[in-house]
Structure formats: C-alpha cells, structure tokens
Amino acid sequence: MSKKISRLRGMYDVTPEHVWVWQRLEQIVTSILQQYGYQEIRFPILEKTALFHSAIGEVTDVVEKEMFTFTTRKGESISMRPEGTASTVRMVLQNGMIFNDPQKLWYNCPMFRYEKPQKGRNRQFSQVGVEVFGFEGPDVDAELLLMTHKMWQQLGIKNVRLELNTLGTPECRAAYREVLIAYFEQHMDVLDDEAKSRLHSNPLRLLDSKNPRMKDVIAQAPVIQDHLSDAAMAHFDGLCTILDACDVPYVINQKLVRGLDYYSHNVFEWVTDDLGAQGTICAGGRYDRLVEMQGGKPTPATGFAMGVDRLVELVLDHNLWEQQAETEVYLIRDKAVPDAAIMPLAERLRSDLPGLKLVVNMGQASFKSQFKKADKSGAQFAIIMGEKEMDEQVYSLKALQDREFGQQQLSYPELVSVLKKHLPSMCEV
C-alpha cells in the first residue's frame, strides 16, 4: 500500500465546512471595492527574484529569509510572490497604465512566505490588496481608511482599532534615520544581533523589535514627529481632519513605521486583540518613491494589504456569522421515475428561476433516505416526483421548514410562482 501524502507544512485546505465564510467575506469586500470605483487586477504567482530585491529591499526579512526562490533550467532566479505591491508596480509600468490616468486597483490572491507557521501566519496566505497611483493628497489615504472602516462594519468585526503615523517626506525620513542611528549607538549593550545588523541599513525596523530587553530603549527613542517639515505635518493633519469629519476613531502610534525607504507620509494599521500575537488584519501607507525606483516617472502612490486568512479566523472563532443553507430545493423522485424525466425538469427550473439552489437526488434511494438527505441539506422545499405526478403532470411541493405550508400539488406555472415568492435567492434576482 502506498504511503499517504499529506499537504506541505504551512499550507492549508479549505473544506466545504468553512469555504462559505471565505466566499461571503470575499463577496462583501468585492462589493465595497466596486462601490468606491476600484478595478480588479490579476498578476502571476511567479516573478523574477530581482523584482522583489529592488522593490522590497535586500536587507528585509522577506527577501533575506522568507521567499520561495527557485532557479529555472536556464539559470534564471524566480520567486513566488511574497506580497502584491511589487507585482502591481511592475504591471502598471509594463502595461503603460499610469502614463496619463490615475489608477485605483485591487487584487485578491494567495501570497507565499517561507516562515515558521503559527496561528494567523501560514506559508501560503491570502491577501486583498489595494494600490492607488496618481493622487498626492491625503484625501485618497482617507478614502482607503473609510473603505476599510466600512468593511469592518459590514463584516461584523467590532473589536478593531486604527493606528496612524506619518513618516514625512524623504528628507524628513533621512534626517530621522540619522537621529535614530545616533540614539541606538548609545545603547549597543541592549541591542540583539539582528538589531545591530540593521542599525545602519534600516534603523526604523528597530522600532518594530519584539525583544523584551529592548522595550525600554525603544519606548524612549526619538519620534519622527519632532523632525517633520511644515508641509509633511500639514499632509498628516489633512488626513486626520477628514477622519474626524467622518467620525472614524483612530490613535496616533508614533512607533508605527515602515522600514523600506520608499515609504513616506501616512502609514496605518488596523489591529485587533482577538487574534493574539498576529493582531494586524490590515496595514498600508504611502509609497511615493517606489514607481520611480522601478524605472517609472515620479508617481504618488498609496495602498494597503488585508489578511483574508485572519479575517476568516475572526469570523469562525467568534461565530460572527450564521451559515446559510447551500440548498433551497431538493428534488426527490420515486425509483420508477427515469432520469430522462427528472433531469430535464431540474434544468427547466434552473432556467426559469435563475439563482435557484436546486439539488437532484442521485441514485436509487428510498423516499425515507431521500427526505433525510433533504433535511440535512437545509433545503426549504422538496419537490416530490412519483409515477402519479408524472402521469398527471403535477408537482408535489412540500415545505421542510414551514409546517403551515404543508404539501401542495401544483401545476408547473404554479410551482414556479410559489418558489419565486418564498425563496430568498429569488428575491435577490
């Protein structure tokens, strides 16, 4: 006997028991994105490794430790995408999408990072990402936050807070880097090896350290707000003013940073305490320099990435949603009724009632067994077809959830009319 093959570590299956949560979540998010005028894009799973080296940076954990990287038969280094921003920038440049018009784009796809699997963090994970090009004011940053705020409301996620900060202009950031380096050089005795290796290449990442020995030093570190220009402060104030006007609560977290040099101005995270250590469910900010760094003309840009897996965990862990039945009508038939009579009936109903969730019982089971399956499916109605019904061209409709309705014999037009009146999917069409 062959040995069973299990899935790879850090990957996951989504069974029918849970896939409905993914589907409903994606439907809600997609609807809101479309409501705000964002357009969907799709890009490859595999990209040239050089794309991520230049876009994400060679001294980041993602590039140094976490990418799935391979060499092709022709010796070219390629990688599975660890995030979506680099691929989006490559896409809009390669396809000439930002030469004349601003773009408001979104995607929903799996990403891949080779890291230690834990709750809320897998080696394959799904992200909804939004990338916007061509708008330099804080109004578009505010729109991203208003849009995500609406998502939490419609998804029923309540225990989530918005944390904001600003990184100012590239000049502000450069000046702040030097101040940080000088500060941490005075505390080399408490820096761990990783912090020491990043001190001169990426000092802002030290503010993200979870090392408890560095906690007090990080808490007393200089903050970027003390090094902002008037223009940078005005940009951040403009964002806060819009959020205040729209009654979106937030907290300013002066230690919230992005370690990559192309980030500037506003950065944010949506955080929940209901997922343990992996509490960030959405993060984003401005990356006004990235398009130019990838060979394009200077283009203001902003965006965010949302962890779909973590949102699904929130829904399941806290029973936020009630599952709706996948079946509305279950077609039960006598063994003597041939398939060639039942299958055309089912197809006719599906054509006359678009959106109808109809299941035909397959095989030669008894009426008792078929009714058990119908009850288990959660269907509201069963259509029962025996020899009598076939001979008289009538249709027995039995309500499985409503005792007052009982069982009725109907003509085909009456059957269609009753189903239209009583089924939720018919009300949506």
Side-chain angles (χ1 to χ4, degrees), residues 6-36 38 40 42 45 81 83-84 106-113 117-130 147-162 269-284 304-330 355-359 373-380 401 423-429:
S6 302
R7 65 175 178 266
L8 293 170
R9 186 167 183 248
M11 307 298 176
Y12 55 83
D13 303 311
V14 183
T15 64
E17 179 186 7
H18 293 148
V19 75
W20 67 273
V21 178
W22 291 76
Q23 291 172 338
R24 191 187 301 181
L25 189 151
E26 290 166 352
Q27 288 169 356
I28 292 171
V29 169
T30 298
S31 175
I32 293 173
L33 288 164
Q34 292 172 341
Q35 183 182 1
Y36 280 75
Y38 287 72
E40 184 180 6
R42 302 185 183 190
I45 291 176
R81 60 191 180 212
E83 55 93 56
W106 71 274
Y107 49 84
N108 175 20
C109 51
M111 307 295 175
F112 305 87
R113 295 188 185 182
Q118 53 187 294
K119 183 177 175 62
R121 176 170 289 180
N122 292 296
R123 289 176 176 173
Q124 175 180 322
F125 56 98
S126 291
Q127 278 188 349
V128 168
V130 170
M147 188 163 58
T148 46
H149 184 251
K150 184 176 293 291
M151 290 177 186
W152 313 143
Q153 291 178 324
Q154 293 198 15
L155 292 171
I157 296 172
K158 297 180 179 180
N159 186 21
V160 60
R161 67 182 178 276
L162 172 60
E269 289 186 0
W270 288 96
V271 183
T272 178
D273 295 323
D274 291 340
L275 284 174
Q278 305 301 326
T280 300
I281 56 175
C282 180
F304 67 75
M306 178 190 305
V308 178
D309 310 59
R310 295 181 185 178
L311 294 175
V312 169
E313 282 191 24
L314 272 177
V315 172
L316 292 173
D317 289 350
H318 297 276
N319 298 312
L320 297 182
W321 300 344
E322 183 177 339
Q323 184 174 5
Q324 298 174 346
E326 293 292 325
T327 303
E328 293 176 317
V329 177
Y330 200 95
L356 174 66
K357 301 173 183 177
L358 168 66
V359 171
K373 291 179 181 178
D375 287 333
K376 186 177 181 181
S377 75
Q380 291 179 251
Q401 313 288 342
L423 293 179
S425 65
M426 298 301 99
C427 298
E428 296 169 2
V429 175

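The CD1 atom of Ile32 sits 9.0 Å away from atom CE of Met147, with the distance rounded to the nearest 0.5 Å. Rounding to the nearest 0.5 Å places CD of Gln124 at 4.5 Å from CZ of Phe112. Once rounded to the nearest 0.5 Å, the distance linking CG of Leu275 with CG of Asp317 reads 7.0 Å. Rounded to the nearest 0.5 Å, atoms CZ (Phe125) and CE (Met111) are 7.0 Å apart. In this structure, Trp106 CH2 and Phe304 CZ are separated by 10.5 Å, a value rounded to the nearest 0.5 Å. How far CG of Asn122 is from CG of Leu8: 12.0 Å, rounded to the nearest 0.5 Å.
Here Tyr107 pairs with Phe43 under the ring pair (Phe, Tyr, Trp, His ring centres under 6.0 Å) rule; sequence neighbours left out. Applying the salt bridge (Lys or Arg N to Asp or Glu O under 4.0 Å) criterion to Arg161, with sequence neighbours excluded, gives Glu163, Asp273.
Nearest approach of Ser126 to Asp309, heavy atoms of both residues: N-OD1, 2.6 Å. Minimum interatomic distance between Val14 and Val19 (heavy atoms only, all atoms of both residues): CG1-CA, 3.6 Å. Contact detail for Trp321 and Ile28: the closest heavy-atom pair is CZ2-CD1, 4.3 Å. Smallest separation of non-hydrogen atoms from Pro117 and Gly10: CG-CA, 3.8 Å. Shortest non-hydrogen contact noted between Gly378 and Ala325 is O-CB, 3.4 Å.
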Dump the intermediate steps for side chain to side chain contact (heavy atoms under 4.5 Å, CB included) on Glu326 and Trp20, then the final yes or no.
-> CA-CA 9 Å; Glu326 293 292 325; Trp20 67 273; 4.0 Å; yes
**Request:** Check the pair Leu25 / Val29 against side chain to side chain contact (heavy atoms under 4.5 Å, CB included), numbers first and verdict last.
**Result:** CA-CA 6 Å; Leu25 189 151; Val29 169; 4.0 Å; yes
Stepwise side chain to side chain contact (heavy atoms under 4.5 Å, CB included) test for Met306 and Trp270: CA-CA 9 Å; Met306 178 190 305; Trp270 288 96; over 6 Å; no
**Request:** May I have the step-by-step check of side chain to side chain contact (heavy atoms under 4.5 Å, CB included) for Leu423 and Gln380, ending in yes or no?
**Result:** CA-CA 8 Å; Leu423 293 179; Gln380 291 179 251; 3.7 Å; yes
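Side chains of Tyr330 and Asp375: a donor-acceptor N/O pair is absent below 3.5 angstrom, by distance only.
In terms of modelled atom types and a separation under 3.5 Å, the side chain of Thr280 and the main chain of Cys282 share no donor-acceptor contact. Looking only at distances, a side-chain donor or acceptor of Gln401 sits under 3.5 Å from a matching main-chain atom of Ala379. Arg113 places no side-chain N or O within 3.5 Å of a backbone atom of Arg81 that could act as its donor or acceptor partner. Between the Thr30 side chain and the Glu26 main chain, a donor and an acceptor come within less than 3.5 Å of each other. Between the side chain of Glu328 and the main chain of Lys357, a donor-acceptor pair closer than 3.5 Å is present.
With contacts defined as side-chain heavy-atom distances shorter than 4.5 Å, the pair His18/Leu316 qualifies. In this structure, Arg7 and Asp13 have side chains that are in contact, with non-hydrogen atoms separated by less than 4.5 Å.
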Atom pairs and distances, donor-acceptor, side-chain atoms in residues 150-160, under 3.5 Å, two or more places apart:
from: Trp152; atom 1: NE1; to: Thr148; atom 2: O; distance (Å): 3.4
from: Asn159; atom 1: ND2; to: Asp274; atom 2: OD1; distance (Å): 2.9
from: Asn159; atom 1: ND2; to: Asp274; atom 2: OD2; distance (Å): 3.4

